[in-house]
Novice: 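Structure provided below as structure tokens; questions to follow.
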There are 2 protein chains.
Amino acid sequence: MEHVPVQRFCEFMTPSTIELQFLDELKSDQREYRRKEVITREGEKVANVFLLRSGWVTSSFAVDSGKRNQLVKLHFPGDVLGLPSIALTKTAETLIAATPTKVDVIPIERLASMFERAPRLAFTLFLSTQQERLMLMDHLAAVSHTSAQQRVAALLMYVHRRLKLFGECSDVLDLPMSQQQIADAAGLTSVHVNRTLGELKRADLICTEGKVIRLLDIDRLEELAAFPDRASVRNPWWLTSIGQQPFMGD
Amino acid sequence: MEHVPVQRFCEFMTPSTIELQFLDELKSDQREYRRKEVITREGEKVANVFLLRSGWVTSSFAVDSGKRNQLVKLHFPGDVLGLPSIALTKTAETLIAATPTKVDVIPIERLASMFERAPRLAFTLFLSTQQERLMLMDHLAAVSHTSAQQRVAALLMYVHRRLKLFGECSDVLDLPMSQQQIADAAGLTSVHVNRTLGELKRADLICTEGKVIRLLDIDRLEELAAFPDRASVRNPWWLTSIGQQPFMGD
DNA sequence: CGCTCCCTTGACTCGACTCAAAGCAGGTGG
DNA sequence: CCACCTGCTTTGAGTCGAGTCAAGGGAGCG
């Protein structure tokens with residue numbers, strides 16, 4: 001039974017055995033990347049999406065003709081990478097492995113066939129990307145309405161939450177990101193991120209031990225980050241009523 | 001034949017007659033709203049999505065416990081409203097009619113059934129929401145990396161482009177938005193939007209005649225707005241190869 | 001007539017950016 | 001083993017864009 005890597009498909013319902021098998025057969029290939037290796041560079045032709053099996057991946061955009069970067073999303077195991085660009089001829093995102101990484105390669109035509117063969121999975125993926133869209137909206141609201149401290153805290157808490165899902169998490173974060181990248185994610189400059197981290201340290205919210213960040217007061221950090229909390233549906237009848245048996249013909 | 005209101009479904013391929021009929025039968029109801037009327041308020045139970053038939057609709061979030069608003073998206077005829085919240089128990093977006101508006105009400109369970117009955121339409125909708133996601137990413141990048149002038153210009157050009165699609169458009173925009181709303185969209189304050197519009201006027205890029213904005217130099221405005229230009233796929237084989245005949249049983 | 005929005009303008013503040021220089025690894029090759 | 005990169009972090013000084021607060025002016029409406 002696959003567990004972590006298909007969490008995107010388990011978030012709203014539990015897939016049947018046949019569906020899990022179908023998912024497993026989507027991949028055409030499996031690839032590994034080293035830290036900082038490029039998975040996809042913006043401008044390249046779009047042919048695949050990727051299921052992240054292990055490792056962290058950053059998704060970013062060049063802005064200002066390359067002078068700056070916008071880090072749009074930090075991906076964790078179970079995430080599907082590259083979806084936003086499937087309607088384009090050239091990829092918009094640059095995907096870079098932040099840690100050593102394993103991905104399944106899923107050709108777009110197989111993804112398309114999922115809509116015919118496994119509609120329940122397709123709708124689940126659809127729901128999951130709507131959630132992503134919402135997170136982007138929250139990110140957008142945050143970037144234009146919150147202070148540097150809040151944005152940095154929000155980033156830390158986001159990572160903390162995701163890691164908690166895997167149980168891999170204590171109050172210690174080993175961020176594989178430079179301050180420059182944190183800045184790109186939060187919409188700040190590296191200089192200012194540095195100062196902001198300093199402020200958080202002085203406020204006894206975090207401390208750093210080498211590259212590692214220790215979260216000293218998670219409650220206050222959560223409060224600072226001020227994520228809107230949104231409750232997701234689980235097993236809604238309109239989802240579970242869709243045909244459960246995918247058509248596995250030919 | 002329905003034309004404008006289903007453009008979201010025609011962007012990537014041409015739906016078959018049966019598919020168009022299916023789309024038409026999705027709605028459970030049709031509603032009309034007056035200017036400033038609320039279609040959906042954040043926090044309400046999620047039961048439907050809406051197909052915008054005519055009029056403009058703003059989608060916004062309260063931030064800072066209601067002191068500020070983030071206007072996330074301006075919707076035009078053909079857009080599907082409310083999708084980002086379908087995975088939630090309570091809506092995240094507040095949808096407000098910016099002009100007199102007509103919408104089709106689509107219960108979520110019917111949307112779900114589309115994934116079973118009309119997979120090609122479902123995948124088309126999926127593609128279209130991936131595009132939305134991308135636009136949000138661009139919006140995000142813009143908000144953190146561009147000046148007030150650029151953001152206001154970007155908003156104007158966005159509206160101009162959308163209107164051009166309907167052929168309704170000259171170089172004259174009749175924005176049904178207050179400067180406060182423009183500010184909410186651009187991530188600015190109303191005071192600063194006012195000054196920024198002043199700058200654009202002094203630079204002979206726009207002029208205002210009452211509530212109407214006349215675009216004096218669209219080329220320079222486009223340059224200022226600096227949208228990334230992204231080419232969408234049309235009729236990709238992996239889309240058109242999906243079963244064209246929806247199952248219309250029972 | 002007076003209300004309520006909304007736009008407009010001015011004066012002041014401040015958070016985040018820029019530019020710049022200096023410290024600090026970690027890694028590579030001589 | 002040391003010398004030298006190169007990339008990342010840290011700190012300082014100065015600037016500026018956008019926000020805040022506040023007051024006045026129009027325009028539409030009951």
Novice: Are the charged groups of B/R53 and B/D79 less than 4.0 angstrom apart, N to O?
Specialist: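 Looking at B/R53 and B/D79, the cut-off is not met.
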Novice: Can you tell me the distance, in whole Å, between the NE2 atom of B/H192 and the C1' atom of D/dG17?
Specialist: 6 Å
Novice: Please give the angle, rounded to 10 degrees, between the axes at the start and the end of the helix from C/dT8-D/dA23 to C/dG30-D/dC1, where five pairs define each axis.
Specialist: 30°
Novice: Please tabulate, for the side chains in residues 175-184 of chain A, all donor-acceptor contacts under 3.5 angstrom to protein atoms that are two or more places apart in sequence or on a different chain.
Specialist:
unit_1 : atom_1 : unit_2 : atom_2 : d
A/S178 : OG     : A/Q180 : N      : 3.4
A/S178 : OG     : A/Q181 : N      : 3.2
A/Q179 : OE1    : A/N194 : ND2    : 3.0
A/Q181 : OE1    : A/S178 : N      : 3.1

Novice: Using the test side-chain contact (heavy atoms from CB on, under 4.5 Å), find all partners of A/T196 that sit at least two apart in sequence or belong to another chain.
Specialist: A/A148, A/Q149, A/V152, A/H192
Novice: Could you list the protein-to-nucleotides 8-12 of chain D atom pairs, N/O on both sides, closer than 3.5 Å?
Specialist:
unit_1 : atom_1 : unit_2 : atom_2 : d
D/dT9  : OP1    : A/Q179 : N      : 3.3
D/dT9  : OP2    : A/Q179 : N      : 2.9
D/dT10 : OP2    : A/Q179 : NE2    : 2.7
D/dT10 : OP2    : A/N194 : ND2    : 2.8
D/dT10 : O5'    : A/N194 : ND2    : 3.3
D/dG12 : N7     : A/R195 : NH1    : 3.2
D/dG12 : O6     : A/R195 : NH2    : 3.1

Novice: Could you check whether B/R220 pairs with B/D204 (Lys NZ or Arg NE/NH1/NH2 to Asp/Glu carboxylate O, under 4.0 Å)?
Specialist: no
Novice: Is a salt bridge present between B/K73 and B/E93, judged by a nitrogen-to-oxygen distance below 4.0 Å?
Specialist: no
Novice: Determine the minimum heavy-atom distance between A/D174 and A/K211, stating which atoms define it.
Specialist: OD1-O, 4.3 Å
Novice: Counting the atoms with a prime plus P, OP1 and OP2 as sugar-phosphate, which does A/G187 contact under 4.0 Å by heavy atoms, base, sugar-phosphate, or nothing?
Specialist: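 Sugar-phosphate contact only - A/G187 comes under 4.0 Å of backbone atoms but never of a base.
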Novice: Provide the start and end nucleotides, 5' to 3', of the part of DNA chain C that has atoms under 4.0 Å from heavy atoms of chain B.
Specialist: C/dC6 to C/dA11
Novice: Going by ring pair (Phe, Tyr, Trp, His ring centres under 6.0 Å), name the residues that satisfy it together with A/Y158, two or more places apart in sequence or in a different chain.
Specialist: none
Novice: Atom NE2 of B/H145 to atom P of D/dG17: distance rounded to whole Å?
Specialist: 18 Å
Novice: For atom NZ of B/K102, is the number of surrounding heavy atoms from other residues, nucleotides or ligands below 6.0 Å larger than 12?
Specialist: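 At most 12 heavy atoms, drawn from other residues, nucleotides or ligands, come within 6.0 Å of this atom.
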Novice: Side-chain contact, heavy-atom cut-off 4.5 Å: B/Q30 with B/V105?
Specialist: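 A side-chain contact is absent here, since even the closest heavy-atom pair is not under 4.5 Å.
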Novice: Strictly below 4.0 Å, N to O, side chains only: are A/D29 and A/R31 in salt-bridge contact?
Specialist: yes
Novice: Applying a 4.0 Å non-hydrogen cut-off, can you work out what B/R68 is touching in the nucleic acid: base, sugar-phosphate, or nothing?
Specialist: sugar-phosphate
